[in-house]
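Reviewing the structure listed below.
Since the model is a prediction, treat every value here as computed from it, not as a measurement. Every chain is numbered from 1 and lettered A, B, ... according to where its sequence line falls, protein lines coming before strand lines.
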Number of protein chains: 2
Amino acid sequence: MIQSINRAMQIIETLSQNEKEQWLASELAEETGLPISTVYRITQSLIQHGLVTQIEATKHYELGYKWMELGLKMFEKLDVRDVTRPVLERLALEVEETVYLNLPRGFHSIIIERIDSPRNVKILDSIGERIPLHIGGANKSILANMPHKEVEEILERLVPVKLEREEFKKELASVKQKGYGISYGEKTKGTIAIGSPVFDFDGRVVGAISIEVLAYDITDERMRFFIEKVYEAAQQISSELSGAQLG
Amino acid sequence: MIQSINRAMQIIETLSQNEKEQWLASELAEETGLPISTVYRITQSLIQHGLVTQIEATKHYELGYKWMELGLKMFEKLDVRDVTRPVLERLALEVEETVYLNLPRGFHSIIIERIDSPRNVKILDSIGERIPLHIGGANKSILANMPHKEVEEILERLVPVKLEREEFKKELASVKQKGYGISYGEKTKGTIAIGSPVFDFDGRVVGAISIEVLAYDITDERMRFFIEKVYEAAQQISSELSGAQLG
DNA sequence: AGAATCTATTCCGCATTGTGGAATGAAAGC
DNA sequence: GCTTTCATTCCACAATGCGGAATAGATTCT
């Protein structure tokens, strides 16, 4: 709605693209389609606020410290994380695969915690990464346990075709009933993700933990093992979040 | 320079204040001195970009997910952190106090990692917190090892009185020579911080690790012990960052 | 060394954008 | 049912931000 803010965010988003770390004013202008004088004026303003940094020597622009400052501040406040970490760590050891904690934010979930697989072959999605809520085992188990009204709103945006949406809601019902969701190569081809929801003391979903494994060496038995472990871990976290004392 | 961006950041900074988590539009207007219609227009725009979230039910505003998304993304890129963590963890066990890793950003340093003291009495500064570069043992050991030109620029801003500045530079020279910096209650009254610099493969300071202890139960002997341990840990991290293989 | 070709950075007249006071609407308290 | 307290919308006005073009500075080519 406010032009300068939109444009500022265009520049910020460009700077945050993974492919490239350093951008020149001219490159930013090219990428965003904005006049270079405009890019210049806006970056100056953003620099004032710490949202963008300019490397003096090379004139390159980068994201500024403010993102880390406020991002970490928000991050620290999440006490779900503190409870989750030890459980996830044990889970990672038991299953020998990479495990994740995701929390929903709007139409996406954010990867909040990741414990890497102790094995050599790792599948690594980054902490901070955002994944649309209809993609992946973890997210499906989040959606499956959200209030219907919210789910409707989210799906209308993410799944435009009505028929698909109805299909998807049937899947969610099953995910809710079973207590876990599975995705086959939805986010990353060749991998399977198993997610299970985490609830707070009010019984509301606050997020989901998940395990991501390579599809090629999966057997039925291993699958059952993973599901059981992930489900147990999610249950334990939920219990701890609701204040119960488990042995 | 750009009014709407300045105002947007005023609102963001207000939202990020620790005292209060949730703000109404009217409260934001009061706090920032902006007309309420302006607050409204700007927050709407910020919501579009995920910089601010509005709790539907209560109309309260909070910081949006974008800060976490980009903040964590930047955070993940810091490989100093990966190298540092295990060393810091061992250090925390050995000294039984809270230890920190700080990285400089502009005129401040940011707390990037914290390993809590295993003891009951903890001194806890938050991850993400920003501390002016002339405050504290860690920051002094960073400043002491920066290029003179940069130090001059930073000190002109942080220490306005010329005489004090000259005094401070003498202290920095000593910190550089000794390899560690000490501060007595500079950031938190009643505590002592001992910091030691961390260097990359080029021999440039990338940050500092530090230990923060309560002043009242400190003896000369303990002090020597802490200094030695912090110094050793910093050395080890620097070696690892420069690619050397230590036993 | 001088010309040519880049970029970053600044300038400034113009009009689009953002402004903010006031009106509306909706909800809570008396 | 009247008053207060908010959020939200409206709109005439002009300040703010716009962007093409000029400048300055750096680098490469002849």
Side-chain angles (χ1 to χ4, degrees), chain A residues 1-17 19-64 66 106 147 149-150 153 157, chain B residues 1-17 19-64 66 106 147 149-150 153 157:
Chain A
M1 312 232 118
I2 294 184
Q3 197 188 42
S4 356
I5 293 181
N6 290 340
R7 290 171 163 197
M9 285 307 292
Q10 263 187 79
I11 290 175
I12 298 284
E13 297 283 3
T14 306
L15 288 176
S16 77
Q17 279 168 30
E19 303 79 51
K20 210 170 178 177
E21 292 246 321
Q22 313 226 90
W23 294 78
L24 293 169
S26 53
E27 294 169 334
L28 284 174
E30 165 109 0
E31 179 76 14
T32 57
L34 298 170
I36 196 163
S37 53
T38 298
V39 168
Y40 191 72
R41 187 163 5 91
I42 291 176
T43 49
Q44 287 308 312
S45 189
L46 293 174
I47 287 170
Q48 299 284 314
H49 296 288
L51 296 173
V52 163
T53 300
Q54 182 161 206
I55 320 289
E56 279 297 324
T58 59
K59 305 288 174 185
H60 281 280
Y61 295 100
E62 289 181 355
L63 285 187
K66 196 104 236 167
K149 215 184 123 197
E150 265 182 77
E153 205 178 311
R157 165 107 164 230
Chain B
M1 313 234 115
I2 293 183
Q3 199 189 41
S4 1
I5 292 181
N6 291 340
R7 291 171 162 196
M9 284 307 291
Q10 264 188 77
I11 290 174
I12 299 283
E13 296 283 2
T14 305
L15 287 176
S16 78
Q17 279 168 30
E19 302 80 51
K20 211 170 175 174
E21 292 246 322
Q22 312 225 97
W23 294 77
L24 292 170
S26 53
E27 295 169 331
L28 284 172
E30 165 108 1
E31 179 78 12
T32 57
L34 299 170
I36 196 165
S37 52
T38 298
V39 168
Y40 191 73
R41 187 161 6 90
I42 291 176
T43 49
Q44 286 309 311
S45 190
L46 293 174
I47 287 170
Q48 299 284 313
H49 296 288
L51 297 174
V52 163
T53 302
Q54 183 161 205
I55 319 289
E56 280 298 324
T58 60
K59 305 290 173 183
H60 281 281
Y61 295 100
E62 290 182 354
L63 285 186
K66 197 105 235 169
K149 214 183 123 198
E150 263 182 79
E153 205 177 312
R157 166 109 164 228

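For the atom pair CD1 of B/I12 and CD1 of B/I42, the computed distance is 10.0 Å after rounding to the nearest 0.5 Å. Put simply, CH2 on A/W23 and OG on A/S16 are 9.5 Å apart, with the number rounded to the nearest 0.5 Å.
Against DNA chain C, the stretch residues 28-50 of chain B makes heavy-atom approaches under 4.0 Å through B/P35, B/S37, B/T38, B/R41.
A donor-acceptor contact under 3.5 angstrom links the side chains of B/S4 and A/S4, judged on distance only.
Atom NZ in B/K59 sits about 9 Å away from atom P in D/dA7, given to the nearest Å. Put simply, CD1 on B/I5 is 13 Å from C1' on D/dC18, counting in whole angstrom units. A/R7 places its CZ atom 13 Å from the C1' atom of D/dT16, with the value rounded to the nearest Å.
Within the 4.5 Å cutoff, side-chain heavy atoms of A/Q3 are placed close to those of A/R7. Side-chain atoms of A/Q48 and B/M9, non-hydrogen and from C-beta on, never get closer than 4.5 Å to each other.
A donor-acceptor pair under 3.5 Å is absent between the side-chain atoms of B/E150 and the main chain of B/P147, judged by distance alone.
Reading DNA chain C from its 5' end, the first and the last nucleotide to sit under 4.0 Å from a heavy atom of chain A are C/dA8 to C/dG18.
Nearest approach of A/Y61 to A/L24, heavy atoms of both residues: CD1-C, 4.2 Å.
Within a 6.0 Å sphere centred on CD of B/E13, other residues, nucleotides and ligands contribute more than 12 heavy atoms.
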